[in-house]
Amino acid sequence: MTEYTDEYILKLTDKPGTRERGLTLLIDKYKERIYWHIRRLVVSHEDAQDVMQETFINVFRFIDKFEKGSKLYTWLYRIATNECIKLFRKKRDIYTSLEEAGGSLLGSYQTFGSDDGDKIVERFQEALLKLPEKQRIVFNLRYYDELPYEEISKILDTNVGSLKTSYHYAYQKIKEEMLNSEIL
Amino acid sequence: MDKDIIESAGKRLPYKVPDGYLEDFTGNMMQHYGRIKREKMRRRYFSIARVAALFLLFLIPGIIFLTDGNSVKNNTDFVGQDSVVISAGENVTEVDNSVSSSITNLSDEELLILTSVLDSDIYKDQL
């Protein structure tokens, strides 16, 4: 499948006559990447499905307002991450504490995840899901998506220094958690 | 060893996507886009219709008022035209003739009644 450049896609979305084609190409190009980013954060496929839909509805609504100087994927990650955070807040309203909300993610993971039975991957995910929300988002964007700190800073509106600290703490905590569970 | 434990997990994920979800996603989203677009168009038509209705609401009484004003003016013109016709004196003899012929056709009794009516007319001296 041909991969079109962001410039070409944006040129198409600019004109009413070709907007539909441009949006189709945009979704085709980024759907998988955005899905996995969302799925890693919200864990269950059902939640990921809802967040995906909301994310692309926002893309349809605000594509006109996209600043041409910025990177398209940064903008998409920003929308998707904000939609995930919205979902966490909704869940937080349901669960009385942060720990409970975190526990609910772990619960989702234990119910829906772990398909391949790889113990080390399971332990890694469990440790990751125990992280505070912000550290978990930073860790995901840096570790899995390999985004530069400068781009993560644009996605989360946080300075690079604080992101590096968050990533470092997240990495240490995961390692500690995994080592502890190995001993047990 | 410490670092290895994270590296050994790598970037593998223990999650699976239901079959066909990502393949169908673009088509499903574009259908959704079509619905959003139609809804947007419907809302736009409604707002245009609402503005047009408000415009007419203010315009119609104005038109009625103006039309009424014109008809009053026309009526005045019509009355004026009559008076012009009469004052021009061209048709006065015609009117006079019709009045005198109707008087000559009256019976004696009717003439007596007419005379008594005319005698009792308080404005007769002002004519």
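Proteins come first, then strands; the chains are lettered A, B, ... in the order of their sequence lines, and each starts at number 1.
- Looking at A/Phe56, both its backbone and its side chain come within 4.5 Å of chain B, counting heavy atoms on both sides.
- Contact between A/Tyr143 and B/Lys11 at its shortest, heavy atoms only, is O-CE, 2.9 Å.
- The distance from the OH atom of B/Tyr15 to the NE2 atom of A/His45 is 13.5 Å, given to the nearest 0.5 Å.
- Contact of the A/Tyr35 side chain with the B/Tyr21 side chain is registered, since non-hydrogen atoms from C-beta on lie closer than 4.5 Å.
- A donor-acceptor contact shorter than 3.5 Å is absent between the side chain of B/Tyr33 and the backbone of A/Ile57.
- Considering all non-hydrogen atoms of both residues, A/Val121 and B/Pro14 come closest at CG1-CD, 3.7 Å.
- Within residues 44-55 of chain B, no residue has any heavy atom closer than 4.5 Å to a heavy atom of chain A.
- When A/Glu176, A/Glu32, A/Gln53 are compared by the number of non-hydrogen pairs under 4.5 Å with chain B, A/Gln53 comes out ahead.
- Contact residues of residues 9-27 of chain A toward chain B are A/Arg19, A/Glu20, A/Leu23, A/Thr24, A/Ile27 (heavy-atom distance under 4.5 Å).
- Across all their heavy atoms, A/Trp36 and B/Val17 have their closest contact at CZ2-CG2, 3.2 Å.
- Between atom NZ of residue A/Lys31 and atom OG1 of residue B/Thr26 there is a gap of 3.0 Å, rounded to the nearest 0.5 Å.
- Annotation: the span from A/Leu128 atom CG to B/Ile6 atom CD1 amounts to 9.5 Å, rounded to 0.5 Å.
- More than 12 heavy atoms of other residues, nucleotides or ligands sit less than 6.0 Å from atom CG of A/Asp64.
- Atoms CD and CZ, from B/Glu7 and A/Phe124 in turn, are 10.5 Å apart once rounded to the nearest 0.5 Å.
- In this structure, chain B has no heavy atom under 4.5 Å from any part of A/Gln172.
- In terms of heavy-atom proximity, B/Met29 sits nearest to A/Phe60 at O-CE1, 3.6 Å.
- Linking ILVMFWY residues whenever their side-chain heavy atoms come closer than 4.5 Å, directly or via other members, places A/Tyr4 and B/Met30 in the same cluster.
- With a threshold of 4.5 angstrom between heavy atoms, B/Lys40 does not approach chain A through any atom at all.
- For B/Ile36, the part lying under 4.5 angstrom from a heavy atom of chain A is the side chain only.
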